[in-house]
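What follows is a single structure, written as structure tokens, with notes after it.
Naming: A, B, ... by sequence-line order, numbering from 1 per chain.
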Number of protein chains: 2
Amino acid sequence: MRDIPLTTEARERVLDAAERLFAQKGYTAVTLRDVGAAAGIRHASLYHHVPGGKEALFVEVTERHFYRHRHGLTDALTKAGPNIRQQLYAAADWLLSQPPMDLIRMAYSDLPAVASTHAERLSDLAYASMIAPIEQALRQALERGEIQHADTGLIAGGLLGMVESLYSVPDSALQGERTRKTMAHALIDVILDGIREPKK
Amino acid sequence: MRDIPLTTEARERVLDAAERLFAQKGYTAVTLRDVGAAAGIRHASLYHHVPGGKEALFVEVTERHFYRHRHGLTDALTKAGPNIRQQLYAAADWLLSQPPMDLIRMAYSDLPAVASTHAERLSDLAYASMIAPIEQALRQALERGEIQHADTGLIAGGLLGMVESLYSVPDSALQGERTRKTMAHALIDVILDGIREPKK
DNA sequence: CCAAACCTACCAATTTGTAGGTAAATCGTA
DNA sequence: TACGATTTACCTACAAATTGGTAGGTTTGG
């Protein structure tokens, strides 16, 4: 008998389903029956894999989600080479390959619904996973002289909000060359070059 | 006896409370008992003012919310004079004077929970109220030669996402001169000037 | 007086969580 | 290897609380 379940194939199915649903709909909008159905089991069976119930499930998969973002972002940024534009392109591509990460909903709706100890940890993790990697890349570009002095933390956050907001573009507005990816790259160009001067 | 209640002071209290709560927490996370408590009445009394129940209440206050944004944005943009920077400053100030408008949550969680006819109308209204006014100001700045050729719709949406994302900045990170307003203005400067060239 | 505004009390459905059971895989050991 | 014991991964059934919504009565202001 174990207090803390280790990772099995069936448990992974549950966590994957829960992560996708919570990320898409938010904590209160997702029921355990939804999660069970998505994982192919009854809701009561979820308690076998996650004894802590809904809140523990949400906290675990949300932490997992943030950790994966941190890894995915730092990975994309380092593999893109020492050029800030290509780095930001790669970061945006990663973000758009994942389900939307709605930090506003997280702050105003999801986190207030869980115990404050968990909420604070998740809040810190959000910064460390989403903002910090981009901020670090901007700081290094600043040292390399690629960009001028700027509030790197603010720019990183703004960039993130900009790219994530592309998820609210309806699919009907996406066609041909106008994908979320090309739109993200165009927005990054604006951040780097501005829209007053003609593109170099 | 009226089928459609006209506007009274008490009904306004209900709509104001509902609008604030729905905007902050989203459709499913807000209960009618929450709305009633915020308006100072029992949840059953809400049906006196809005016979259609929760969904009708949500649709009505969300429409109202969008209409007010459309008015507030166009008003701020026109009153700021013919300078795109001042116009965008004013638009951002308006957005930050209102409760957060989380379009991602709206698209992925709120709208799927209401009848599709209402969802489509609200989706169109979101574009017309939030994006279109900013896009128009950018187009006019383009004609005036203030900015270079750019995808004005894309920039407007990106700007909006950027400014709204400031709501996910924890209050603990706001102190002294570092308010959401000053941060929004700094981000607008980046959009206009870029971060590669030194500020003029 | 009378209608608007609000109330209490309830219902049916849903949701989280618990209790207890079952089939099948796995393990320890003779 | 044979085989009983245990563990895993699920199930059905139910309890308690919450939710949207309804019925009908009561207060209150013009």
Check the distance between [N]'s [atom2] and [X]'s [atom1] and give it to me in whole angstrom.
X	N	atom1	atom2	answer
B:Leu46	C:dC6	CG	P	10 Å
A:Arg42	D:dC11	CZ	P	6 Å
A:His49	C:dG17	NE2	C1'	16 Å
A:Phe58	C:dG17	CZ	P	14 Å
B:Arg11	C:dA4	CZ	P	14 Å

Residues 112-127 of chain A vs salt bridge (charged side-chain N to carboxylate O under 4.0 Å, His left out), sequence neighbours excluded, gives A:Glu63-A:Arg121
(message) Between A:Tyr108 and A:Asp102, do the side chains contain a donor N or O and an acceptor N or O under 3.5 Å apart?
(response) no
Between A:Glu135 and A:Tyr127: side-chain donor-acceptor atoms closer than 3.5 Å: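 Distance-only check passes for A:Glu135 and A:Tyr127.
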One thing to verify: whether [Y] and [X] come together as a salt bridge, which I'm taking to mean a side-chain N less than 4.0 angstrom from a carboxylate O.
X	Y	value
B:Asp110	A:Lys25	no
A:Asp75	A:Lys79	yes
A:Arg139	A:Glu143	no

May I ask you to decide if B:Gly81's main-chain N or O and B:Gln87's side chain share a donor-acceptor pair within less than 3.5 Å?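 Looks like yes, one N/O pair under 3.5 Å.
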A:Tyr27 six-ring face occupied by A:Lys54 cation (under 6.0 Å, within 45°):
yes
* Asked: Using rotation axes that map the C1' atoms of four end pairs onto the next four (five pairs an end), what angle separates the end axes of the helix from C:dC1-D:dG30 to C:dA30-D:dT1, to 10°?
  ->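 Comparing the axis at each end, I get an angle of 20°.
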In 5'-to-3' order, the base (B), backbone-only (S) or no-contact (-) status of each nucleotide in nucleotides 16-30 of chain D, using a 4.0 angstrom heavy-atom cut-off, is ---BBBB--------
Students often mix this up, so state it plainly: with edges at 30° and 60°, are the rings of B:Tyr89 and B:His185 parallel, tilted or perpendicular?
parallel
Respond yes when some side-chain nitrogen or oxygen of [X] is under 4.0 Å from OP1 or OP2 of [N], and no when none is.
X	N	value
B:Ser45	C:dC7	yes
B:His48	C:dA5	yes
B:Arg13	C:dC6	yes

